[in-house]
Protein chains: 2
Amino acid sequence: MTEAAPEPRGRRELNRIRTRQAIADAAARLVGERGIERTTVDDIAAAAGIGRATFFRHFESKELAIAAGLSGAAIFVLVGILEEIPDEVGPLDAVRRASARLGEDFEAQRAMFLEQARLSWSSPALMAWTLHLYVDWEVAIAASVARRFDDLVPGDPRPRLVGAITMAAWRLAVDAWLTDDGAGDLPRLIQDHLAAIDVPRRNP
Amino acid sequence: MTEAAPEPRGRRELNRIRTRQAIADAAARLVGERGIERTTVDDIAAAAGIGRATFFRHFESKELAIAAGLSGAAIFVLVGILEEIPDEVGPLDAVRRASARLGEDFEAQRAMFLEQARLSWSSPALMAWTLHLYVDWEVAIAASVARRFDDLVPGDPRPRLVGAITMAAWRLAVDAWLTDDGAGDLPRLIQDHLAAIDVPRRNP
DNA sequence: GTACAAAATGATACAGAGTATCAACTTCTG
DNA sequence: CAGAAGTTGATACTCTGTATCATTTTGTAC
């Protein structure tokens with residue numbers, strides 16, 4: 001999972017990251033072209049230039065590779081933007097601002113987001129593994145917002161809760177957007193969802 | 001998924017519900033006895049007294065049947081208790097009270113809950129499908145809390161957000177509990193998680 | 001640059017999951 | 001009771017995911 005790690009050490013790590021990204025990209029592209037049912041692990045492996053055994057060294061399932069290819073980019077960018085929000089901004093406000101920043105470029109990529117969202121929920125197995133991937137993103141968001149709490153204690157549930165709330169708000173906003181066939185304003189929907197929740201930055 | 005539906009109409013519906021429950025129960029029992037890797041769809045079908053094709057008419061995957069058998073009971077009871085909380089209690093408070101009520105009997109079944117929780121996260125595929133099942137439960141909780149908002153409007157995201165928050169709080173509390181090998185106080189952990197979040201019953 | 005250890009790869013075989021088809025059986029309706 | 005509708009179980013098949021092993025690539029020490 002892509003966190004703000006130090007520069008990778010050697011060629012092995014570089015290759016590992018590059019291969020994983022190549023697999024995810026190939027998976028998303030082939031599923032976009034043919035649909036999930038007509039896309040096999042062998043197809044994805046061939047398109048990524050690897051063997052099938054290597055595929056399974058990078059991803060636990062075909063659907064996880066597809067989910068990483070479809071959903072990974074937007075969330076990766078969100079976490080990156082989160083890191084840039086000034087430290088004095090509270091945890092949920094930081095998430096709101098980062099989501100708003102991501103939304104600024106939304107119109108330029110609306111069709112792509114819509115297609116990716118449709119594909120993500122287009123099979124029960126892919127939905128299940130997309131949710132699995134979202135848990136990884138929750139952890140990344142939690143790591144990013146933890147320092148924004150004034151009174152964090154060891155074992156404090158709030159960073160993980162903020163991560164979970166963020167992914168839930170996004171997921172439900174995308175659901176509503178798809179229900180409306182993408183006619184709605186997704187950035188607005190995300191902000192509405194995030195506005196409805198509060199996680200105080202300081203316990204009472 | 002079990003919602004407070006009217007009495008089933010005919011023998012077909014009764015059989016469908018009964019068969020589905022038999023499959024889920026057999027799946028959980030066999031996985032408890034042998035582990036996931038040693039439990040096949042044919043094993044579960046045989047234990048439930050059905051054919052393998054019938055198995056796949058009730059569940060989209062082996063792991064979904066297992067998840068339904070392991071996790072379904074506790075959440076079914078939670079939704080039932082939610083229905084009994086007085087209408088004037090706000091949405092999240094109702095969830096807190098229902099969770100507290102469920103926790104009253106916790107000690108009597110602590111070993112069973114611990115084993116079920118461990119099994120639920122014991123394979124990536126089962127984790128993914130358990131999360132998939134949780135989305136069904138979010139919908140059920142949303143249906144139950146919707147009337148507790150003073151100013152609900154069509155398309156209002158808050159009931160679904162309460163559902164998502166409830167399942168996230170439970171999931172993260174169980175995670176923390178497992179990290180501590182079940183030594184912690186799960187009902188207390190759930191209350192702590194639920195206490196950290198607010199969804200105002202009325203928009204400002 | 002070389003030798004060796006460690007890690008990664010790809011080919012392959014296999015068990016089992018998940019899908020599709022069809023004949024037979026069960027349930028429902030009039 | 002007859003006929004329609006729905007459900008079932010057996011079976012064949014494709015593909016996923018796992019395991020094994022020989023080969024290749026990368027990293028380290030000298």
Side-chain angles (χ1 to χ4, degrees), chain A residues 6-24 26-27 30-31 34-69 122-130 132-133, chain B residues 6-24 26-27 30-31 34-69 122-130 132-133:
Chain A
E7 201 70 7
R9 292 216 225 78
R11 185 166 293 178
R12 274 179 185 161
E13 279 187 68
L14 274 172
N15 281 347
R16 183 170 58 78
I17 292 168
R18 185 158 53 216
T19 299
R20 182 183 168 86
Q21 194 57 54
I23 297 169
L30 291 179
V31 159
R34 312 175 184 177
I36 296 170
E37 285 78 19
R38 288 186 194 77
T39 303
T40 70
V41 168
D42 281 339
D43 292 335
I44 299 172
I50 59 165
R52 106 187 253 102
T54 298
F55 178 99
F56 285 105
R57 288 188 182 101
H58 289 273
F59 290 98
E60 286 155 316
S61 71
K62 179 178 86 170
E63 282 81 10
L64 187 56
I66 296 168
S122 66
S123 93
L126 184 51
M127 175 180 162
W129 282 99
T130 299
H132 187 288
L133 181 67
Chain B
E7 201 71 7
R9 292 215 224 78
R11 186 164 293 180
R12 275 178 183 160
E13 278 186 70
L14 275 173
N15 281 348
R16 185 171 56 78
I17 291 167
R18 185 158 52 216
T19 299
R20 183 181 168 86
Q21 194 57 54
I23 297 169
L30 291 179
V31 161
R34 315 176 182 174
I36 296 169
E37 285 79 20
R38 289 187 193 79
T39 304
T40 69
V41 168
D42 281 340
D43 293 334
I44 298 171
I50 58 165
R52 114 192 244 97
T54 298
F55 177 99
F56 285 104
R57 288 189 183 100
H58 289 273
F59 290 98
E60 285 153 318
S61 71
K62 180 176 86 168
E63 282 80 11
L64 187 56
I66 296 167
S122 65
S123 93
L126 184 52
M127 176 180 164
W129 282 99
T130 300
H132 187 289
L133 180 68

| field | 5'-most by nearest nucleotide on DNA chain D - A:Glu63 or B:Phe55 | value |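 Upstream on the strand: B:Phe55.
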Spacing of [X] atom [atom1] relative to [N] atom [atom2], expressed in whole Å:
X	N	atom1	atom2	value
B:Phe56	D:dT14	CZ	C1'	13 Å
B:Lys62	C:dT19	NZ	P	14 Å
A:Ile36	C:dG18	CD1	C1'	14 Å
A:Arg11	C:dA8	CZ	C1'	14 Å
B:Asn15	D:dA5	CG	P	21 Å
B:Phe59	D:dT8	CZ	C1'	17 Å
B:Asp43	C:dA15	CG	P	15 Å
A:His58	C:dA8	NE2	P	9 Å

| request: Could you please name the option among C:dT9, C:dG18, D:dA10 that lies closest to any side-chain atom of B:Ser61? | output: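 Side chain of B:Ser61 sits closest to C:dG18.
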| field | Salt bridge flag under 4.0 Å for residues A:Arg38 and A:Asp43 | value |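 No.
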| task | Tell me whether the OP1 or OP2 atom of C:dG10 has a side-chain N or O from A:Thr54 closer than 4.0 Å. | result |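 Yes, because at least one side-chain N or O of A:Thr54 sits under 4.0 Å from OP1 or OP2 of C:dG10.
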Hey, does [X] reach any base, or is it just sugar-phosphate, or nothing, if we go heavy atoms under 4.0 Å?
X	answer
A:Arg12	base
A:Arg57	base
B:Thr39	sugar-phosphate

| request: Nearest 0.5 Å please: distance from the CD1 atom of B:Ile66 over to the CD1 atom of B:Ile36. | output: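 B:Ile66 atom CD1 to B:Ile36 atom CD1 measures 5.0 Å (nearest 0.5 Å).
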| Closest heavy-atom pair and its distance - B:Pro124, A:His132 |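 Between these two residues, the closest heavy atoms are O-CD2, 3.4 Å.
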| If every non-hydrogen atom of A:Lys62 is compared with every non-hydrogen atom of A:Phe55, which pair is closest and at what distance? |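 In this case the closest contact between A:Lys62 and A:Phe55 is CA-CZ, 3.9 Å.
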| B:Glu37 vs A:Ile50, nearer the 5' end of DNA chain C by closest nucleotide |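 It is A:Ile50 whose nearest nucleotide is closer to the 5' end.
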| Any luck finding a side-chain donor-acceptor pair between B:Asn15 and B:Arg18 under 3.5 Å? |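 A donor-acceptor contact under 3.5 Å links the two side chains.
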| message | Between the base of D:dG17 and the side chain of A:Arg52, is one N or O donor paired with an acceptor at under 3.5 angstrom? | response |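 Side chain to base: pair present.
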